[in-house]
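Note that the structure is a prediction, hence the values are computed from the model and not measured. The analysis underlying the following values was restricted to heavy atoms, covering all of them including side chains, and did not include hydrogens, waters or symmetry mates. Order of the sequence lines fixes the chain letters, A, B, ..., with proteins taken first and strands second; residue numbering starts at 1 for each chain.
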Amino acid sequence: MVAVLTRLLGTENLDAAEDIVQDTLLKAMEVWRFRGVPENPPAWLYKVAHNKAIDWVRSAQRKSKLLADEEKVKSSLNLLRSEVVFQEDGIQDSVLLMMFACCHPAIPPESQIALTLKTLGGLSTAEIANAFLTTDDTIAKRIYRAREKIKQENIKLDPPGVFDLSYRLDNVLRVLYLLFNEGYYSNHSDSLIREDLCVEAMRLTYLLIHHKATNLPKVNALIALMCLQSSRLDARTNALGEIVLLEDQDRSKWNQPLIQQGLYFLEKASTGDVLSEYHVEASIASIHAMTDKFEATPWNKLLTLYETLSELNPGPMVSFNRAIVLGHATSAEAGIHELKKITGLHDNYLYQTAIGNFYLMKGAPKEAKLSFEKALLMTKSIHESALIKRKISKLPLIQHFY
Amino acid sequence: MLIFHGGSDVAPEMKNPEALQKHMGKWFAWVEKLRKEGRYEGGEPLEPRGKFVSGPNKIVTDGPFAESKELVGGYFIVNAKDLDDAVALTADYPDFIFNGKVQIRPIQKMEM
């Protein structure tokens with residue numbers, strides 16, 4: 001709704017658009033309380049927001065606060081009267097345009113995510129702060145900076161085609177990818193919050209798929225990746241909310257419809273001549289999804305994919321995963337050797353845990369325990385430390401002291 | 001007729017948008033329940049402002065005031081056999097926790 005209104009009022013009036021939405025929701029609370037929820041709540045909300053927007057444009061016109069000229073006010077009002085923008089297609093278009101504006105390269109990356117969630121996801125500053133385990137203040141500042149940038153740089157809600165689509169789209173995809181990962185890998189103890197982020201990222205990616213101009217192979221690859229990863233969401237934690245590793249997951253709990261959907265999109269993604277990192281990551285996820293038990297994992301296939309991935313998108317996390325796969329594909333010895341070559345991850349509990357695992361596979365419980373204990377010092381949540389304590393308690397013939 | 005006084009309209013807790021949303025959910029559920037049972041006939045919110053006109057000189061004064069604990073926030077018209085039945089319908093009134101009050105008044109039926 002903010003997206004629709006911003007399209008009408010102009011990005012420079014993003015604040016006004018948000019105020020109108022806020023007012024509309026308050027109005028709904030007041031009225032629905034005594035009249036009951038109407039049959040079509042979204043239509044009701046849009047109608048009220050629409051009227052409020054007209055009022056706002058008129059009063060802005062009177063105060064001549066609107067920096068734009070007479071022409072623009074007229075076109076705003078005409079657009080408002082035509083009501084086209086309030087129909088389903090119009091709404092989706094607006095969201096899409098807003099997405100491209102929120103992910104404008106001039107806006108700092110962390111602000112892009114915060115702004116996308118706030119403007120398109122309808123999350124409050126407090127909810128975003130909670131999801132990213134940071135303070136309201138930090139998020140408020142990020143959003144503020146993003147809005148200032150929009151004004152300074154005069155970022156408009158231009159339809160794709162006006163700007164360089166492929167460049168801007170990459171940015172949008174990256175934000176959606178990060179948003180999804182934030183939900184998927186976050187240490188947040190509240191699983192609902194994590195799922196919200198994943199769902200929001202998927203919803204916005206679906207919108208891109210439904211739009212002709214942005215239904216491109218790499219967008220399909222990204223949604224494939226999201227479907228395949230989220231199929232494991234339920235199996236990733238146990239009843240206590242503790243993390244269950246891929247190796248120990250109950251694979252019958254994997255969500256088959258999501259896997260099927262992921263494979264479908266992956267197939268649709270396999271056209272054209274661009275191989276994106278999303279393609280490779282989705283392929284990796286699809287291999288896991290199609291393997292019915294951990295021992296049957298085709299490690300050599302995965303290794304080839306990780307090698308492609310580290311060429312496309314080199315980084316410590318990719319090397320880290322590659323090293324683990326290499327260890328499984330060849331020997332624990334080789335895995336440890338590869339892992340130790342990586343720099344920049346020594347403070348990461350997963351990294352130390354992985355080394356410990358290979359020592360254990362190799363039959364060196366003493367070294368394994370040392371690594372697990374290092375990992376224990378680096379964990380940030382109780383679930384992570386519970387996971388490692390379980391590992392330590394399973395170590396053979398070693399006396400532990402806590 | 002159920003006339004609602006005070007309650008969440010004047011409760012400071014309701015300044016928090018998330019708390020407000022949660023509480024209003026209870027109202028929506030209540031209306032829905034009454035509607036399903038065929039009890040709910042209609043209702044309207046009242047704006048928190050108005051005027052009094054009084055006396056032979058028709059003196060106009062301000063009020064009621066939005067802060068007033070007695071402020072009428074809105075009303076329902078419901079179907080009830082008698083007063084006791086109407087009292088029973090208020091069981092799910094969500095604003096008791098905010099010291100809200102429900103005034104129950106039978107609407108006079110005209111026999112024609």
Exercise for the section: Walk me through it: do A/Arg33 and B/Asp95 pass the test side-chain contact (heavy atoms from CB on, under 4.5 Å)? Expected result: CA-CA 12 Å; A/Arg33 187 175 151 206; B/Asp95 280 9; 3.3 Å; yes
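Other residues, nucleotides and ligands contribute at most 12 non-hydrogen atoms within 6.0 Å of the CD atom of B/Gln21. Counting heavy atoms of neighbouring residues, nucleotides and ligands inside a 6.0 Å radius, atom CD of A/Glu39 does not exceed 12 of them. For A/Lys52, the NZ atom counts as densely surrounded, since its 6.0 Å shell holds more than 12 non-hydrogen atoms of other residues, nucleotides or ligands.
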Please set out all donor-acceptor pairs under 3.5 angstrom arising from side-chain atoms of residues 23-32 of chain A, sequence neighbours excluded.
residue	atom	partner	partner atom	Å
A/Thr24	OG1	A/Ile20	O	2.7

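For B/Tyr75, the part sitting under 4.5 Å from any heavy atom of chain A is the backbone (N, CA, C, O) and nothing else.
Between atom CH2 of residue B/Trp27 and atom CZ of residue A/Phe34 there is a gap of 4.5 Å, rounded to the nearest 0.5 Å.
Residues A/Arg35 and B/Tyr40 form a side-chain contact, since some pair of their non-hydrogen atoms from C-beta on lies under 4.5 Å apart.
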